[in-house]
Protein chains: 2
Amino acid sequence: MGKVLVFGHKNPDTDTITSAIVYAYLKQQIGVEAEAVRLGEVNNETKFALEKFGFEAPRYIASVQGEADQVILVDHNEFQQSADGIEEVQITEVIDHHRIANFQTADPLYYRAEPVGCTATILNKLFKEHGVAVPANIAGLMLSAIVSDTLLFKSPTCTEQDVQAGEELAKIAGVDAAEYGLAMLKAGADLSDKALEDLLSLDAKEFQFGSYKSIVAQVNAVDINDVLGRQAELEALLTKNVADNSLDLFFFVVTDILNNDSTAVAIGQVAEASAKAFGAELVDNRIVLPGVVSRKKQIVPVLTEALK
Amino acid sequence: MGKVLVFGHKNPDTDTITSAIVYAYLKQQIGVEAEAVRLGEVNNETKFALEKFGFEAPRYIASVQGEADQVILVDHNEFQQSADGIEEVQITEVIDHHRIANFQTADPLYYRAEPVGCTATILNKLFKEHGVAVPANIAGLMLSAIVSDTLLFKSPTCTEQDVQAGEELAKIAGVDAAEYGLAMLKAGADLSDKALEDLLSLDAKEFQFGSYKSIVAQVNAVDINDVLGRQAELEALLTKNVADNSLDLFFFVVTDILNNDSTAVAIGQVAEASAKAFGAELVDNRIVLPGVVSRKKQIVPVLTEALK
């Protein structure tokens with residue numbers, strides 16, 4: 001049996017990149033030849049975390065074809081978010097914390113999903129189940145993932161298990177979770193010098209809501225006007241993206257990480273319907289979403305239900 | 001939050017019925033209001049196990065609609081094998097050991113699949129993870145499930161983990177695994193007095209192989225001539241079933257539990273192709289399958305690959 005590749009989703013975020021590194025490490029400790037790889041560019045937040053704890057970004061692959069016969073998915077399962085060629089290889093494991101959709105295998109596999117805030121919280125259990133100690137630098141990566149996915153434990157996706165894992169891992173990593181976490185979030189949320197083209201794909205995920213092909217993208221901001229101040233340009237880009245990719249909806253969410261609110265810009269034939277889904281109005285192509293910070297828990301289920 | 005229903009697949013076997021009872025018990029111990037139910041008739045093997053360890057069969061339900069808002073699936077995930085109305089309720093957990101296909105949720109969930117021989121082997125771990133002791137009668141049910149799914153530890157689906165769990169549970173249950181196991185298998189494998197109509201649905205599962213709608217049914221026999229001696233009648237029933245349900249394939253497997261071989265009777269437009277998938281010939285509508293005993297590991301993957 002050759003090497004198994006471990007990777008998270010396209011347009012990788014901190015949980016996806018670090019969980020690939022962390023789980024490949026755990027597999028190696030139990031005698032499996034595993035390599036972490038990535039499917040896209042590493043964002044500024046993740047770079048901050050990798051640098052802090054002394055890691056390089058994993059190797060980039062464009063497709064799994066010719067790379068390996070067996071793969072392990074972390075932090076995702078939906079094929080349209082996964083590697084090109086995913087249907088052609090054997091998925092031996094999935095470690096994830098999302099809904100399951102557009103996923104299938106021909107053979108039985110190890111699938112571990114739990115409704116917690118972060119993949120790293122599940123990985124922390126797997127270290128214990130295998131009796132493998134978590135080294136300080138690996139703990140630092142796992143803490144970074146939890147802080148990122150839960151917005152410093154403030155997202156509604158955050159569970160008591162995430163909080164406990166975060167505390168435990170901060171201790172092992174030797175950092176103050178609140179202080180380090182805010183610095184990391186800010187490193188990723190400074191959007192003032194970002195080209196809007198880059199923001200579109202930074203954390204964009206494709207979904208099929210009923211018969212509607214959709215993208216829900218999300219960016220964290222310290223100042224949402226860094227993005228919304230350029231709305232005309234943003235709308236032009238979204239409109240082009242909708243046309244080029246035959247989308248029915250591009251739902252672009254800007255999340256204020258200091259106040260824990262979001263504003264979405266929605267373009268596409270079901271943009272009005274997407275606003276109604278939240279009991280809101282589409283005004284100037286914007287939807288105000290008070291208290292909404294979680295795509296997974298507060299956005300995707302609402303759109304899934306409304307557009308089915 | 002109301003009661004959560006726990007159930008296995010249609011045409012239930014011993015693992016499906018007992019795992020529903022066992023996991024509902026575990027959930028109750030950790031404070032969840034859970035009820036085991038079943039989606040079909042209890043077979044003779046399962047009756048033998050329930051009687052031996054002092055359990056009643058779970059309540060039968062025809063559909064989940066109006067029964068509960070939340071459900072837990074054990075020993076299956078594919079919707080066509082699950083309860084009618086499954087798309088309308090929230091699946092909060094799945095405990096399974098099969099491939100994943102035709103399954104999806106709108107929300108994150110707890111999904112625990114492992115590539116082991118039996119759901120009970122995973123449940124045995126969950127008792128430990130929750131720190132709940134396994135009572136003797138529950139251990140007896142779990143042992144029965146492992147014996148059934150692994151044909152007394154002889155199926156290629158049987159892993160070292162199943163063997164260890166079986167030994168551990170036999171000790172708790174206070175029975176001799178080999179002696180009790182063979183008696184239980186024989187109770188289910190005496191087909192001499194069975195109507196063929198009943199055999200067709202005893203352990204039949206529907207699959208979509210590529211564009212081909214298929215049923216793969218399996219019966220265990222001590223003497224395969226109990227079934228194959230009535231082949232003309234069997235073929236007539238399969239042909240009618242193929243026509244009535246617009247099937248492309250009815251693949252009916254008779255497994256010799258003493259010699260660990262199988263013979264299939266295949267009817268449908270891809271019957272020839274199904275024989276070729278095993279490097280065999282379709283002779284008199286039969287396919288001889290030496291050493292094949294596992295639908296999951298030795299039949300479904302082969303047909304999935306050949307008919308895709």
Side-chain angles (χ1 to χ4, degrees), chain A residues 70 73 75-79 87-88 90-119 121-122 125-126 128-130 149 156-157 159 161 207-210 294-308, chain B residues 70 73 75-79 87-88 90-119 121-122 125-126 128-129 149 156-157 159 161-162 207-210 294-308:
Chain A
Q70 297 192 320
L73 310 187
D75 194 34
H76 77 297
N77 65 83
E78 304 192 35
F79 282 180
E87 291 90 347
E88 307 303 321
Q90 189 190 4
I91 302 166
T92 59
E93 298 189 34
V94 177
I95 317 292
D96 190 22
H97 65 125
H98 296 88
R99 68 155 185 183
I100 298 175
N102 193 20
F103 175 85
Q104 65 171 359
T105 62
D107 295 287
L109 74 164
Y110 184 92
Y111 197 113
R112 181 77 169 256
E114 302 195 19
V116 293
C118 182
T119 308
T121 301
I122 307 168
K125 292 188 190 183
L126 295 183
K128 290 174 188 173
E129 290 173 20
H130 287 289
D149 268 14
T157 57
T159 68
Q161 293 187 50
F207 295 92
Q208 189 74 32
F209 298 126
S294 167
R295 172 170 50 196
K296 185 171 73 168
K297 202 143 183 168
Q298 297 173 296
I299 297 173
V300 169
V302 173
L303 293 177
T304 300
E305 179 64 25
L307 302 177
K308 77 182 175 188
Chain B
Q70 296 192 320
L73 310 188
D75 194 34
H76 76 298
N77 66 84
E78 305 191 34
F79 282 0
E87 290 90 348
E88 307 303 321
Q90 188 189 5
I91 302 166
T92 59
E93 298 189 34
V94 178
I95 317 292
D96 191 21
H97 65 125
H98 296 88
R99 69 155 185 182
I100 299 175
N102 193 21
F103 176 85
Q104 66 170 359
T105 63
D107 295 287
L109 74 164
Y110 184 91
Y111 198 113
R112 180 77 169 257
E114 301 196 18
V116 293
C118 181
T119 307
T121 302
I122 306 167
K125 291 189 192 184
L126 295 182
K128 290 174 189 173
E129 289 173 20
D149 269 13
T157 57
T159 68
Q161 293 186 51
D162 299 297
F207 296 92
Q208 190 75 32
F209 299 126
S294 166
R295 172 170 50 197
K296 185 171 73 167
K297 203 144 183 168
Q298 297 173 295
I299 297 173
V300 169
V302 173
L303 293 177
T304 300
E305 179 63 25
L307 302 178
K308 76 182 175 190

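Throughout, a chain's letter reflects where its sequence line sits, starting with A, and its residues are numbered from 1.
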- Query: What part of A:Thr105 is in contact with chain B, defined as an atom under 4.5 angstrom from a non-hydrogen atom: side chain, backbone, both or neither?
  - Reply: both
- Message: My understanding is that only residues two or more places apart in sequence, or in another chain, count here; which of them pass ring pair (Phe, Tyr, Trp, His ring centres under 6.0 Å) with A:Phe79?
- Response: A:Phe103
- Note on the structure: Contact list (residues 90-99 of chain B to chain A, heavy-atom gap under 4.5 Å, by number) returns B:His97, B:His98, B:Arg99
- Item | Side chain, backbone, both or neither of B:Glu305 within contact of chain A (heavy atoms, under 4.5 Å) | neither
- Message: If I compare all heavy atoms of A:Ala106 with all of B:Thr304, which pair ends up nearest, and what's the gap?
- Response: CB-CG2, 3.9 Å
- Task: Just give me the residue among B:Val300, B:Asn102, B:Asn77, B:Asp107 that pairs up with chain A most often, heavy atom to heavy atom, under 4.5 Å.
- Result: B:Asp107
- Task: Would you give the length of the straight line joining atom CD of A:Glu78 to atom CD of B:Gln104, rounded to the nearest 0.5 angstrom?
- Result: 8.5 Å
